[in-house]
Amino acid sequence: MNRHEKSTNASGLLRNRFLQTILLSSVLLQIGIWVRNFAILLYVADRTNNDPYAISLISVAEFAPIFVFSFIGGTFADRWRPKRTMIWCDLLSAVSVFVVLLTLHYGSWESVYLVAFISAILSQFSQPSSMRLFKYHVPEQQLQQGMALFQSLMAIFMVLGPMLGTFVYSTFGLETSIAVMGVVFLLSALVLIRLPEDHMESQTVAVRGQFRKDFVEGFRFVWKSQVLRMLGLAFVLAGLAVGVAQALNLFIVTERLGRSEEFLQYLLMVNGAAMLIGGGIVAVFAKRVPPQILLAIGMLAGAVCTAIVGYSTSVPVTLTVQFLNGLVFPCIHIGISTMILKWSHASIVGRVNGVLNPMFVGMMVISMSFAGALKDAFSLSTIYSGAGLLFLLGALVMVPIMNQKAPDNVLTAQET
C-alpha cells in the first residue's frame with residue numbers, strides 16, 4: 001500500500017509504528033531532561049548559596065552547544081542513517097552521564113555542568129535525524145497532526161516536569177537524579193531499535209570529503225526559499241520576544257502582581273496545562289489549516305497576551321491571559337515544524353533545521369542577556385509591550401507567504 005493511501009484520521013496516526021516508538025522515546029527523554037534540569041539547578045543553587053553567576057552557567061551549558069553544533073549536527077544528520085544516529089546519540093549520552101556520575105562521586109562538583117553540556121551537543125545530531133524520519137514515515141497530510149502530538153507531550157511535561165524533577169532531587173539527591181537520566185537514555189536507545197528501517201544509506205566514501213559543500217548548501221537552500229527566509233525572520237523576532245518575557249516573568253509576579261517568587265510556578269503550570277489542551281485542539285483541526293496561518297495566529301495571540309501581561313496588576317486577569325496564550329502557543333511550534341518539513345527536501349531537512357533553530361535560540365539568549373539592562377531603563381509595561389510588538393511583526397512576516405503551497409518537488413525519502 002502506498003503511504004499516501006493510509007488513513008489520515010487520528011487513530012490511524014496513532015497506529016503509525018514510527019510515531020508510537022518516537023513518542024515513547026520522547027517520554028523517556030523528557031523524564032531524564034526534567035530530572036536533570038532541576039537536579040542541576042537546585043544542586044548548584046545549594047552548593048553556591050544562589051550565586052547568580054554559577055546558576056547562569058547552567059543556561060550557558062545548555063544553550064552554547066546549539067550555536068556551535070546545530071549547523072554541524074544538521075549536516076551530519078543528512079549524511080548519516082537517522083535511526084542509527086539517534087540510537088548512538090542516546091547511548092553516548094547515557095555513557096557520558098555515568099562517566100560524569102563517577103567524576104561527581106570521586107572528584108569535583110563542577111563536573112555537573114558537563115551533564116547538560118554533553119547532552120546538548122548530542123541532541124544537535126539526534127533532533128534533526130528525528131525530523132528526517134518524521135518526514136520519511138509520516139504522510140504529508142498528517143504532519144501537522146503528528147507535530148501537535150509532540151506539542152501535547154511537551155506541554156504535559158511543562159506541567160509535570162518541574163514537580164517530578166524537584167521530587168526526585170529532594171527525595172534521592174543529586175547522584176540518584178543523574179543516574180535516572182542515564183537509565184532513561186539507555187531505555188530510549190532500546191526503544192528506538194523498534195523504529196522501522198529507513199533504508200537511507202550513509203554517504204559513500206567518495207562524497208565524504210564534501211562536508212563543507214553540504215554545510216553551505218543548507219544556508220543556500222534556506223536563502224533561495226522565500227518561505228524559509230520569512231520563517232527565519234519570524235524565528236528571530238519570536239526568539240527576541242520569548243527571551244525577554246521569560247527572563248522577566250519573575251518580576252511580573254513580584255512587582256506587577258505583588259506575590260512571592262513561589263507564585264511563578266502557578267503561572268507556568270497554568271500555561272503548560274493550556275498548551276496541553278491547545279495541542280489537542282490543533283491536532284484535530286491542523287489538517288485543514290495551512291501552517292503559515294497557524295504560525296501567524298500563534299504570533300498574533302502572543303502579541304496581545306504579552307502586552308496585557310505587562311500591564312495587568314490583577315492575578316485573575318494575568319492567569320486568564322496566560323491560559324489563553326498557552327492555548328494558542330502550540331500553533332507557533334506546530335506551524336514552524338510543519339513548514340520546515342513541507343518546504344525542505346528529505347535529503348536536506350537536517351541542515352535546514354540546523355540553520356533555522358539557532359536563529360530562535362540565539363535571539364532568545366541575546367534578549368535574556370539584555371533583559372536586566374532593559375529592566376533598569378524601562379518599566380515592565382514598556383518592555384512587555386515591546387515584546388508584544390515583536391510578536392506582531394512576526395505575524396506580519398507571514399502575510400507575503402500566506403497563500404503559498406509546498407513545492408511538489410519536495411519529496412519524502414520513500415518517494416525519491
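Values in this document were obtained by computation on a predicted structure and should not be read as measured data.
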Discussion item. Would Phe185 and Leu29 count as a side-chain contact (heavy atoms from CB on, under 4.5 Å) here? Give the steps.
Written reply: CA-CA 6 Å; Phe185 269 101; Leu29 294 179; 3.4 Å; yes
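- For the pair Ser170 (side chain) and Phe167 (backbone), a donor-acceptor distance under 3.5 Å is absent.
- Between Leu102 and Phe98 there is no side-chain heavy-atom pair separated by less than 4.5 Å.
- Formation of a donor-acceptor pair under 3.5 Å by the Thr103 side chain with backbone atoms of Val99 is found in this model.
- Judged purely by atom type and a 3.5 angstrom limit, Ser126 has no side-chain atom pairing as donor or acceptor with the backbone of Leu122.
- In this structure, the side chains of Ser129 and Trp88 stay at 4.5 Å or more apart for every pair of heavy atoms.
- Residues Val244 and Tyr384 are not in side-chain contact: their nearest non-hydrogen atoms beyond the backbone lie 4.5 Å or more apart.
- Ser25 contributes no side-chain N or O that, together with a main-chain N or O of Thr21, makes up a donor-acceptor pair within less than 3.5 Å.
- The CD1 atom of Ile87 lies 9.0 Å from the OG atom of Ser188; values are rounded to the nearest 0.5 Å.
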Practice prompt. Walk me through it: do Leu195 and Phe18 pass the test side-chain contact (heavy atoms from CB on, under 4.5 Å)?
Written response: CA-CA 6 Å; Leu195 283 173; Phe18 163 76; 3.5 Å; yes
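- Checking side-chain atoms of Ser123 against main-chain N and O of Ala120 turns up a donor-acceptor pair under 3.5 Å.
- Using modelled atom types, no side-chain atom of Ser119 and backbone atom of Val115 make a donor-acceptor pair closer than 3.5 Å.
- Residues Leu190 and Ile193 form a side-chain contact, since some pair of their non-hydrogen atoms from C-beta on lies under 4.5 Å apart.
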Item to complete: Decide yes or no on side-chain contact (heavy atoms from CB on, under 4.5 Å) for Phe172 and Val180, but give the supporting numbers first.
Response: CA-CA 10 Å; Phe172 303 105; Val180 166; over 6 Å; no
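- Looking only at distances, a side-chain donor or acceptor of Ser96 sits under 3.5 Å from a matching main-chain atom of Ser93.
- Checked by atom type and distance alone, the side chain of Ser312 never pairs as donor or acceptor with a backbone atom of Ile308 at under 3.5 Å.
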Practice prompt. Please lay out, stage by stage, how Leu231 and Leu295 fare under the test side-chain contact (heavy atoms from CB on, under 4.5 Å).
Written response: CA-CA 9 Å; Leu231 182 58; Leu295 179 55; 3.7 Å; yes
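- No donor-acceptor distance shorter than 3.5 angstrom exists from the side chain of Gln226 to the backbone of Ile401, with no hydrogens or angles considered.
- Leu240 contributes atom CG, which lies 11.5 Å from atom CG of Leu389 (distance to the nearest 0.5 angstrom).
- Contact annotation: the side chain of Ile40 never approaches that of Tyr169 to less than 4.5 Å [non-hydrogen atoms, C-beta and beyond].
- To the nearest 0.5 Å, atom CG of residue Leu267 and atom CD of residue Gln322 are 5.0 Å apart.
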